[in-house]
Amino acid sequence: MVEGKLIQTEKLVKIYPMGSSQITALDQVNLVFQAAEFAGLVGPSGSGKTTLLNIIGSLDAPTSGSVEVLGGKIENLSHREAAALRNRSIGFIFQTYNLLPVYTAYENVEFPLLLLKIPAPQRKKMAMDALDWVGLADRAGSRPSQLSGGESQRVAIARAIVKKPELVLADEPTANLDAKNSHHIMKTMVHLNESLQTTFIFATHDEKVMRYLKRKISLDDGRVEKDEIIKPEVGK
Amino acid sequence: MIKFLLKGLMRDRSRSLFPVLTVFIGVFLAVFFYSFMNGVLEDMVRSTAHYQTGHLRIMTQAYAKEANQNPNDLAFIGVAKLLDVLNEKYPELIWTPRIKFGGLLDIPDEEGETKTQGPVSGMALDLFSSSSVEVRLLKVKEAIMRGRMPKEAGEILIADEFAKKLQVSPGDTATLISSTMYGSMAMTNYKIAGTVQFGVSAMDRGTIFADISDIQVALDMPDTAGEILGFFPDDIYHEKQAPMVAAAFNQEFKDSDNPFSPQMGTLPEESGLTDYLGLIDSMSIIIIVIFVLAMSIVLWNAGLMGSLRRYGEIGVRMAIGEARGHIYKTLILESVSIGIFGSVLGTLAGVAVSYLMQMYGLNFGFLFKNSALMISSVYRAQVTVGSFVIGFAPGIISTVLGTAIAGIGIYKRQTSQLFKELEV
Ligand SMILES: Nc1ncnc2c1ncn2[C@@H]1O[C@H](COP(=O)(O)OP(=O)(O)OP(=O)(O)O)[C@@H](O)[C@H]1O
Ligand SMILES: [Mg+2]
């Protein structure tokens, strides 16, 4: 969809104050992501993966340095503008699914479209399409409590991609899933990446996830240690 | 979006049921109390008008000074002429003379010796004329417990309770011992036609009712009456018109130098209810303020609990790209729906219960056994337009206020913490 450079971080630093001392969660991170990438942030716990996703996703602001997402500087966005950016262009997938419990699968997927004020007939089609992509069209009327973990995460994926965002950020999306379900949702995302040209950025320790990545960025102690283009081990 | 929110409300009982119940109860109580107070008030005003002061009352200035002692020696002479004038000048009101008197009622046995005896307070009014406004206003016919209406001179009615105490029944003879207008003793025999109960404690104790012509004869008061009462035909006190009539009358007839010249007073002036009515007005306002405050606090806390429970949901919505202001607005919208729903139900229930009480009444007579207040022993609520309004606005305001305060927490939320919160 978007050609060329999607995200660029320059000398990105994030420091958390911790009492009298400070924690440097990100240290001089320079990264560029192109459209339609399928990249993963890997590294030990505390290495800064979540922090980096947060900042890219405009949920957090850098301490210094700059982050450009879709042509806008994150550090300059107001709350409202950041919300608008997330609403339009960024989908989130969480480790714990985070579906809205009182709403059905369909309504959960429909929700971002309601915020975008998309007219009803079109909304219905888009939401059903998204559920179709993740193979859950027949569970549209189910509540989250009636879905398995794998199914819930697939609904969450449908919710993240229903508006066809340029970017999807997924923090440990498979951490609560077994191997079979993990592979299933990774395949789903690879498929969406290829058919919709959506950029995916993961944060993960999961070997199963890494096998699907086309680019692996290793973080350690807030610094980029390695940034490698890899050939996915698993076929499509 | 609204549909979406309503779906959420309906499905999540804790989000809707508790707040709706709170609003319902609060509104219900407000409506009921309001109607109840209205009913009591209305009843008090009506009873006072009927049994005591009319909507307007004319007495001589001298009589007025000691009115509660029934000073018939100071009564107004020349009733017929004054009535003619009143009917001509103020035909929109109904004018009727009354005499109040005190004395002793003596019940003789077969030999004519005293069987029983008791102090009595009497009211003489127009019972005989077929067009008597008194019989209609006071519902005298409906008040008869035993016996019948007096039909001819020498027949009286007696309060039922009093009759039992004196062991007399309809058909028996009773002797009224009193004093004439000029201070000499008056003894008159009457036949008891029937017994009455008006449902107003002050009237139902030691009272007899006689036609005014009988008492004028007995107390030597020809063409004389203690007071002349004016009633609006719809039996409602008109607070604008009445003072105007009184002022016009006093302007023309009241002579400050002549204690026997007549003066006219309005119901509030004559009864001293003015302050009382004001008190009740301000009490309604206080009740409503307390009601709004208390309910806001309850709903604020409910809102806090709710947003704690919905912490995750609100976090996800922020991550998905809903602005904080928008989330806040949706919470307010939810509370408006809850407020409307609870207030409608509360108002309907409150009005329904009040209406039942208006129809059937609740007997509190035992509370007023010794009361001189002209208050009926049967309580009735009064449903008015106010009943529909009184709970509604406060119900909605307090719901929205409670939510608005509780929802401020959303603005304190750090977006940067969302991922961490959502991961736990
Ligand atoms: N809000 C915060 N306040 C203080 N320190 C923080 C905060 N958030 C993160 N940190 C610190 O920043 C560093 C990076 O944290 P981050 O959550 O990005 O790690 P991570 O790579 O996602 O780890 P994990 O794999 O366990 O999820 C850690 O040392 C963490 O303790
Ligand atoms: Mg993390």
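By convention in this document, chain letters (A, B, ...) are assigned in the order of the sequence lines, proteins followed by strands, and residues within each chain are numbered from 1. Side-chain atoms are counted along with the backbone in the values below, which use heavy atoms only and exclude waters and symmetry mates.
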Undergrad: Locate the shortest heavy-atom distance separating A/Tyr103 from B/Gly8; write the atom from each residue and the value.
TA: OH-CA, 3.4 Å

Undergrad: Are the side chains of A/Val102 and B/Glu313 in contact, using a 4.5 Å heavy-atom criterion?
TA: no

Undergrad: Give the interface residues of residues 145-158 of chain A toward chain B, defined by a heavy-atom separation under 4.5 Å.
TA: none

Undergrad: Find out whether B/Val316 and A/Arg159 are in side-chain contact, i.e. whether some heavy atom of one side chain is under 4.5 Å from a heavy atom of the other.
TA: yes

Undergrad: For A/Glu81, does the CD atom sit with more than 12 other heavy atoms under 6.0 Å from it, leaving out its own atoms?
TA: yes

Undergrad: When rounded to the nearest 0.5 angstrom, what distance separates CG in A/Asn108 from CD1 in B/Ile320?
TA: 7.5 Å

Undergrad: At what distance, to the nearest 0.5 angstrom, does CZ of A/Arg86 lie from CE of B/Met318?
TA: 7.0 Å

Undergrad: From B/Lys3 NZ over to A/Leu114 CG, what is the distance, rounded to the nearest 0.5 angstrom?
TA: 9.5 Å

Undergrad: Show every ring pair (Phe, Tyr, Trp, His ring centres under 6.0 Å) that has at least one partner inside residues 38-72 of chain A, sequence neighbours left out.
TA: A/Phe38-A/Phe200, A/Phe38-A/Phe202

Undergrad: Suppose we screen for side chain to side chain donor-acceptor pair (under 3.5 Å). Which residues come up paired with B/Lys7, at least two apart in sequence or across chains?
TA: A/Glu107

Undergrad: In chain order, what residues pass the side chain to side chain contact (heavy atoms under 4.5 Å, CB included) check against A/Val224, with sequence neighbours excluded?
TA: A/Val29, A/Leu31, A/Ile217, A/Leu219, A/Asp227

Undergrad: Is chain A contacted by the side chain of B/Arg310, its backbone, both, or neither, given a heavy-atom distance below 4.5 Å?
TA: neither

Undergrad: Is it the case that more than 12 heavy atoms not belonging to A/Lys73 sit under 6.0 Å from its NZ atom?
TA: yes

Undergrad: Would one find more than 12 heavy atoms of other residues, nucleotides or ligands at under 6.0 Å from atom CH2 of A/Trp133?
TA: yes

